[in-house]
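Encoded as structure tokens, the structure appears first; notes follow it.
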Amino acid sequence: MTTMAATRRMGRQSWRIFSMQARRCSVAHDHTSSSDPKLTNFGYREVPENEKSKLVGNVFTNVARSYDLMNDLMSMGLHRLWKDRLVSKLHPFPGMQHLDVAGGTGDVAFRVLHAIHKAEHRAVGKLGGKSEAKNETRVHVCDINPNMLEVGKQRAHKLGLENVEDLVWMEGDAEALSLEDNSMDGYTIAFGIRNVTHIDRALKEAHRVLRRGGRFLCLELSHVSIPGFQQVYDAYSFAVIPAMGELVSGDRASYQYLVESIRKFPSQEKFAAMIADAGFQEVQYENLVGGVVAIHSGLKL
């Protein structure tokens, strides 16, 4: 009996010691978890969230000068048609306040401005006088990377748009826009949203700055929906695009990231759900080239 009692006492002591050690481990684990930075995707790599913006910034600093040329080469010129399609869905109008995010080179903004000016000329022709709305029109080009904005300004100069009041250049973060609530009629982002750290925050900012009736449009490389085409697209993406980037811009790594970032981007359906979660209604998407790219849209009602 004495031996059994001693055994039970030793068992209880061992259990208390084990429990105390387990609690210490749990506390230590919780402390480590709370202090560790959150991770996010940078291509196929996982990096701390607070580092992604800098890494993406380095990518676009490296490729800024060859960005438009590489877009032509990678898409065989099709990106021009995709952007035309994006702007056609926007329905620009005279007096419009529009925001193009991640649009540093001006490719989309110039199209929007051109469409607005065409609408103004039609209005003037019908009215037989001067349009009052022209002075109110503003197309804001927002990009977090100053090198991309500089390329856009140089392109504007070549197009004779450097002194156009309708065009406003602004350095800014898609996740924290320096614009007032309900101040924009339209919001576009082309090939940019997959590079932001928190896509949900960028979508909420888009919703915040848009007025009621304002339209959100996103053109992004997406997920191929045609059976059998995925293998061909993957082979082209991983074998050709990084090699092309190295040849044209001397930077293979940035284009390797581009290819990987496409694969990490949400599917068309999931991204549409994220847009709806941000508060947009009538959310829909259109696949182009079998899902190589998709245009997502939504309205703030």
Side-chain angles (χ1 to χ4, degrees), residues 71 75 78-116 118-119 137-143 172 174-175 177 179 181-196 198-226 261-262 264-301:
N71 277 346
S75 71
L78 288 175
H79 75 100
R80 298 172 183 270
L81 299 178
W82 301 336
K83 290 167 183 172
D84 288 343
R85 179 64 176 161
L86 179 77
V87 174
S88 73
K89 286 175 170 285
L90 180 65
H91 306 300
F93 57 87
M96 187 178 195
Q97 299 290 310
H98 181 71
L99 174 64
D100 182 47
V101 176
T105 63
D107 227 20
V108 172
F110 298 155
R111 284 172 166 79
V112 173
L113 193 61
H114 179 67
I116 292 173
K118 281 183 66 176
T137 297
R138 293 292 182 274
V139 176
H140 301 259
V141 188
C142 178
D143 202 296
E175 296 183 29
L177 297 167
L179 292 167
D181 296 358
N182 309 307
S183 57
M184 295 289 118
D185 298 299
Y187 177 115
T188 50
I189 182 166
F191 306 125
I193 204 161
R194 75 178 185 284
N195 297 310
V196 304
H198 305 97
I199 293 174
D200 56 338
R201 293 182 193 174
L203 292 172
K204 287 177 182 176
E205 276 292 271
H207 189 270
R208 179 184 68 80
V209 301
L210 281 170
R211 295 168 176 158
R212 286 190 177 276
R215 187 178 297 273
F216 168 86
L217 284 160
C218 176
L219 171 65
E220 189 54 86
L221 293 156
S222 199
H223 296 268
V224 171
S225 58
I226 299 176
S261 68
I262 298 167
K264 302 299 290 186
F265 190 68
S267 68
Q268 287 90 324
E269 292 79 9
K270 186 174 181 179
F271 186 48
M274 293 175 72
I275 296 169
D277 287 343
F280 288 101
Q281 298 183 44
E282 298 185 21
V283 177
Q284 53 189 284
Y285 67 86
E286 177 186 11
N287 280 333
L288 304 174
V289 196
V292 171
V293 295
I295 298 176
H296 282 76
S297 63
L299 288 173
K300 180 176 178 178
L301 298 177

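Any value given below was found using the heavy atoms of this structure, including those in side chains, with hydrogens, waters and symmetry copies removed.
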- If you round to the nearest 0.5 Å, how far is CG of D107 from CH2 of W82? 12.5 Å

- Query: What heavy-atom pair brings N71 and H79 nearest, and what distance separates the two atoms?
  - Reply: O-CD2, 3.4 Å

- Task: To the nearest 0.5 Å, tell me how far R138 CZ sits from M184 CE.
- Result: 10.5 Å

- Message: Test your reading of the model: is there a side-chain donor-acceptor pair from R215 to the backbone of L299, 3.5 Å cut-off?
- Response: no

- Message: Does atom NZ (K118) have a neighbourhood of more than 12 heavy atoms from anything else shown, all under 6.0 Å?
- Response: no

- State which residues pass side chain to side chain contact (heavy atoms under 4.5 Å, CB included) with D200; sequence neighbours excluded, sorted by chain then number. H198

- Query: Mind checking what makes ring pair (Phe, Tyr, Trp, His ring centres under 6.0 Å) contact with F265, not counting sequence neighbours?
  - Reply: F271

- Message: I need the full list of side-chain hydrogen bond (donor to acceptor under 3.5 Å, both in side chains) pairs touching residues 288-301, with sequence neighbours left out, sorted by first then second residue.
- Response: N182-K300

- Item | Pairs flagged by side-chain hydrogen bond (donor to acceptor under 3.5 Å, both in side chains) wherever residues 264-273 is involved - sequence neighbours left out | S222-Q268, Q268-N287, E269-Y285

- Under the side chain to side chain contact (heavy atoms under 4.5 Å, CB included) test, which residues partner S88, sequence neighbours left out? R85

- Query: Just wondering, do K83 and F191 contact through their side chains at under 4.5 Å, heavy atoms?
  - Reply: yes

- Task: May I ask you to check whether H207 and F280 place their ring centers less than 6.0 Å from one another?
- Result: yes

- Item | Spacing of I275 atom CD1 and I193 atom CD1 [to the nearest 0.5 Å] | 7.0 Å

- Rounded to the nearest 0.5 angstrom, the CG-CG distance for L301 and L210 is 11.0 Å

- For the student: nearest non-hydrogen atoms of M274 and P266, plus distance: SD-CG, 3.9 Å

- Item | Atom of G290, atom of I226 and distance for their closest heavy-atom approach | CA-CD1, 3.6 Å

- Task: Heavy atoms only: give me the nearest A119-P94 pair and the separation to one decimal.
- Result: CB-CD, 3.6 Å

- Less than 4.5 Å apart, any side-chain heavy atom of L78 and any of L288? no

- Query: Tell me, do E205 and V101 make a side-chain contact under 4.5 Å, heavy atoms counted?
  - Reply: no

- Message: How long is the straight-line distance from OG1 of T137 back to CD1 of I116, given to the nearest 0.5 Å?
- Response: 5.0 Å

- Item | Donor-acceptor pair, side chain of Q97 and main chain of S183, under 3.5 angstrom | no

- Would D181 and V209 satisfy side-chain contact (heavy atoms from CB on, under 4.5 Å), going step by step from the backbone distance to the final call? CA-CA 5 Å; D181 296 358; V209 301; 5.9 Å; no

- Item | Non-hydrogen atoms of V87 and A115 that approach each other most closely | CG1-CB, 4.3 Å

- Task: Compare all side-chain heavy atoms of R111 with those of L86 and state whether any distance is below 4.5 angstrom.
- Result: no

- Query: So which pairs with a foot in residues 184-194 pass side-chain hydrogen bond (donor to acceptor under 3.5 Å, both in side chains), sequence neighbours left out?
  - Reply: H98-T188, D100-T188, D185-R211, R194-E220, R194-S261

- Message: Looking at every heavy atom in both A202 and V196, which two are closest together, and how far apart are they?
- Response: CB-CG2, 4.2 Å

